[in-house]
2 protein chains.
Amino acid sequence: MSTRPTTTTVKRRKVRRGRPLKTESTPDMRERILDAAEDHFSRHGFWGVTVREVAQEAKVDTALLHYYFNTKRGLFDAVFERRAEIINKERIDSIDAYVKSAGSAITVEGVIDAFLQPILQRAATGDQRWHNYFALIAQVNNTPAWGGETMGRTFDNVIHHLIDALRKALPDASEQELYWSYHFLSGALTLTLSQTGRIDRLSEGLCKSSDFEAIGARMAPFIASGFERLCKPQAARRKKAT
Amino acid sequence: MSTRPTTTTVKRRKVRRGRPLKTESTPDMRERILDAAEDHFSRHGFWGVTVREVAQEAKVDTALLHYYFNTKRGLFDAVFERRAEIINKERIDSIDAYVKSAGSAITVEGVIDAFLQPILQRAATGDQRWHNYFALIAQVNNTPAWGGETMGRTFDNVIHHLIDALRKALPDASEQELYWSYHFLSGALTLTLSQTGRIDRLSEGLCKSSDFEAIGARMAPFIASGFERLCKPQAARRKKAT
DNA sequence: GCCAATAATCATCAACTGATGAATTAACAG
DNA sequence: CTGTTAATTCATCAGTTGATGATTATTGGC
């Protein structure tokens with residue numbers, strides 16, 4: 001409008017085209033795109049996000065998303081798998097370390113705590129990127145259309161590892177009770193990770209969904225009690241006296 | 001295909017326009033639109049559905065959706081609130097009936113069972129429309145952007161009613177522990193309602209996420225154990241011996 | 001130095017999206 | 001009968017969407 005080039009191409013507003021110089025502090029566009037996508041997908045789900053929004057936040061052209069990930073879905077899957085490997089390895093190592101150290105004194109609560117701690121600790125650090133990622137998992141886990149399949153492909157290994165360890169702590173448990181108990185554990189964890197802030201409002205500020213320290217201290221005892229109730233039917237049987 | 005009008009105006013493929021005749025078995029378009037919307041929103045969430053898809057399934061023109069609900073969001077809200085009143089009343093009545101009948105023999109498991117049964121029984125009947133509705137709740141409950149607010153507006157009354165009843169069964173419980181425990185309950189219930197079929201695949205068919213009878217028998221005991229563990233800290237305190 | 005491969009932007013597309021004013025037909029009140 | 005209101009489809013719009021071929025600039029191997 002008013003400001004325009006006075007002499008020799010002073011007011012260059014044009015973004016550089018072509019391959020970038022390697023020396024200029026390595027922009028690493030691919031990671032920037034993944035971060036932006038993680039941020040948006042975790043908040044609004046797959047269909048609630050446009051590739052333009054992601055591109056805008058990452059400050060790149062939309063064509064670059066397609067260059068790296070082909071399709072919007074390819075981008076989503078890349079986001080979903082990027083951190084899965086890290087957290088899965090941590091959880092398996094944590095379970096193994098606990099099982100080894102506990103020996104015959106293995107407890108349900110110990111196993112579940114070992115399973116949860118890697119996640120809750122990453123969440124507790126306050127790293128927004130991990131927060132986003134966990135919320136993304138929660139979204140996928142509650143997507144009926146394709147969530148079950150995606151979750152399975154990515155996390156079944158770890159879950160079976162967890163259940164194997166739980167079997168050691170609950171040698172008499174039936175398979176069914178173990179899986180149903182895990183189902184309830186998964187739900188509780190998922191809602192925790194989804195970060196809707198619902199419990200904050202419900203409790204009028206008494207509980208904060210971002211207070212992962214409080215959650216970390218309570219979740220394993222809560223869930224372990226449930227496991228023991230369901231998977232140790234011989235002890236303390238005092239159900240509804242019908 | 002074979003049965004068709006023999007004489008006058010045989011090949012009429014054009015859909016009728018204008019106000020429909022009242023005598024022709026009352027189509028009740030409004031409900032049909034809500035059913036179709038419920039079906040789609042529950043599967044793909046708000047952004048994963050287009051008004052055209054809903055209109056097509058309901059076999060009406062898209063303009064009719066706007067005639068009844070103004071905007072896509074208005075349609076979504078109407079779907080969400082349609083069944084809320086019914087199920088909320090059932091849950092409050094169920095809790096009240098239990099509290100009254102149990103008297104001083106009130107138990108945590110009894111309260112939670114009374115809270116869950118209305119939902120699980122409706123789900124167990126196999127009515128697809130209620131299935132869809134419950135899956136929709138699960139979607140909303142895991143939508144960080146606006147899920148917490150919508151859930152609160154619709155369900156906070158019932159939840160506070162539940163927690164009031166639980167306080168009677170757990171007179172020494174701190175508010176915080178009660179709310180955290182409810183948080184885990186809510187997560188477990190939500191994942192159950194979301195019907196992703198994940199547990200089916202994980203357990204290789206041993207557990208069926210549509211088997212609400214199995215869930216109804218296990219969920220209240222599981223969750224009640226957790227509540228008692230967290231909210232009765234004086235008894236059986238045997239945490240990790242650090 | 002030359003040239004193929006790589007990494008990025010530009011310009012554009014056909015399809016789709018939510019929404020709306022006009023037209024059409026029936027119900028209903030007086 | 002007649003005019004107003006309710007319920008429905010028609011026709012269409014302006015903006016958005018995911019995607020892509022062309023273009024530009026830099027790297028790195030020979």
Side-chain angles (χ1 to χ4, degrees), chain A residues 9 11-38 40-41 43-80 145-146, chain B residues 8-9 12-37 40-41 43-80 146:
Chain A
T9 59
K11 208 48 183 281
R12 273 239 228 153
R13 256 282 136 260
K14 277 178 81 73
V15 185
R16 270 202 68 276
R17 281 178 75 175
R19 185 173 187 159
L21 286 86
K22 205 175 186 184
T23 48
E24 57 181 59
S25 71
T26 53
D28 201 357
M29 299 298 193
R30 199 171 183 280
E31 288 293 308
R32 245 174 47 194
I33 293 169
L34 285 172
D35 286 345
E38 194 170 69
H40 277 73
F41 282 138
R43 270 196 256 283
H44 307 108
F46 181 73
W47 297 107
V49 175
T50 68
V51 294
R52 276 170 174 75
E53 287 170 338
V54 174
Q56 198 160 14
E57 178 162 323
K59 295 195 183 93
V60 296
D61 192 277
T62 62
L64 197 59
L65 311 205
H66 291 97
Y67 174 72
Y68 279 121
F69 306 103
N70 293 322
T71 64
K72 182 185 176 185
R73 187 50 178 267
L75 171 61
F76 185 89
D77 290 343
V79 170
F80 196 73
W146 43 272
Chain B
T8 57
T9 61
R12 270 238 227 152
R13 256 283 134 257
K14 274 179 84 74
V15 184
R16 270 201 70 272
R17 281 178 74 176
R19 183 171 189 160
L21 287 86
K22 206 175 187 183
T23 49
E24 58 182 59
S25 71
T26 52
D28 201 355
M29 298 299 195
R30 199 171 183 279
E31 288 293 308
R32 246 175 44 194
I33 294 170
L34 285 172
D35 287 345
H40 276 73
F41 282 138
R43 270 196 254 284
H44 307 108
F46 181 73
W47 296 108
V49 175
T50 69
V51 293
R52 277 170 173 75
E53 289 170 337
V54 174
Q56 198 160 15
E57 178 160 325
K59 295 197 182 93
V60 296
D61 192 277
T62 63
L64 197 59
L65 311 204
H66 291 96
Y67 175 72
Y68 279 122
F69 307 104
N70 293 322
T71 65
K72 182 185 176 183
R73 188 49 178 267
L75 172 60
F76 185 89
D77 289 343
V79 170
F80 196 72
W146 43 273

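Bear in mind that the values here come from a model prediction, so they are computed numbers and not experimental data.
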Of all the heavy-atom pairs spanning V49(B) and K72(B), show the shortest one and how long it is. O-NZ, 2.7 Å
Check DNA chain D against residues 68-79 of chain B and give the residues with a non-hydrogen atom under 4.0 Å, in numerical order. Y68(B)
Using a heavy-atom distance cut-off of less than 4.0 Å, which residues of residues 48-61 of chain A contact DNA chain D? V49(A), T50(A), V51(A), R52(A)
Take the C1' atoms of the five end pairs on each side of the helix from dG1(C)-dC30(D) to dG30(C)-dC1(D), get both axes, and report the angle to 10 degrees. 10°
In whole Å, I'd like the distance from the [atom1] atom of [X] to the [atom2] atom of [N].
X      : N       : atom1 : atom2 : result
L64(B) : dT20(C) : CG    : P     : 15 Å
I33(A) : dT9(C)  : CD1   : C1'   : 12 Å
H44(A) : dT17(D) : NE2   : P     : 13 Å

Please list every donor-acceptor pair under 3.5 Å in which a side-chain atom of residues 53-63 of chain A meets a protein atom from a residue at least two apart or in another chain.
{"residue": "E53(A)", "atom": "OE1", "partner": "T50(A)", "partner atom": "N", "Å": "3.1"}
{"residue": "E57(A)", "atom": "OE1", "partner": "H40(A)", "partner atom": "ND1", "Å": "3.3"}
{"residue": "D61(A)", "atom": "OD1", "partner": "A63(A)", "partner atom": "N", "Å": "2.8"}

Between the protein and nucleotides 24-26 of chain D, are there any N/O to N/O pairs under 3.5 Å, and if so, what are the atom names and distances?
{"residue": "dT24(D)", "atom": "O2", "partner": "G18(A)", "partner atom": "N", "Å": "3.2"}
{"residue": "dA25(D)", "atom": "O3'", "partner": "R16(A)", "partner atom": "NH2", "Å": "2.8"}
{"residue": "dA25(D)", "atom": "N3", "partner": "R19(A)", "partner atom": "N", "Å": "3.1"}
{"residue": "dT26(D)", "atom": "OP1", "partner": "R16(A)", "partner atom": "NH2", "Å": "3.3"}
{"residue": "dT26(D)", "atom": "O4'", "partner": "R19(A)", "partner atom": "O", "Å": "3.2"}

Output yes when at least one side-chain N/O atom of Y67(A) is less than 4.0 Å from OP1 or OP2 of dA8(C), else no. no
For dA19(C), take OP1 and OP2 only and decide whether either is under 4.0 Å from a side-chain N or O of H66(B). yes
Identify whether the distance between the nearest side-chain nitrogen and carboxylate oxygen of R73(B) and D77(B) falls below 4.0 Å. yes
Distance, nearest 0.5 Å, that separates CG of L65(B) from CG of L34(B): 9.5 Å
ring-ring contact (aromatic ring centres under 6.0 Å, His included) contacts touching residues 49-77 of chain B (sequence neighbours left out): F41(B)-F76(B), F46(B)-F76(B), F76(B)-W146(B)
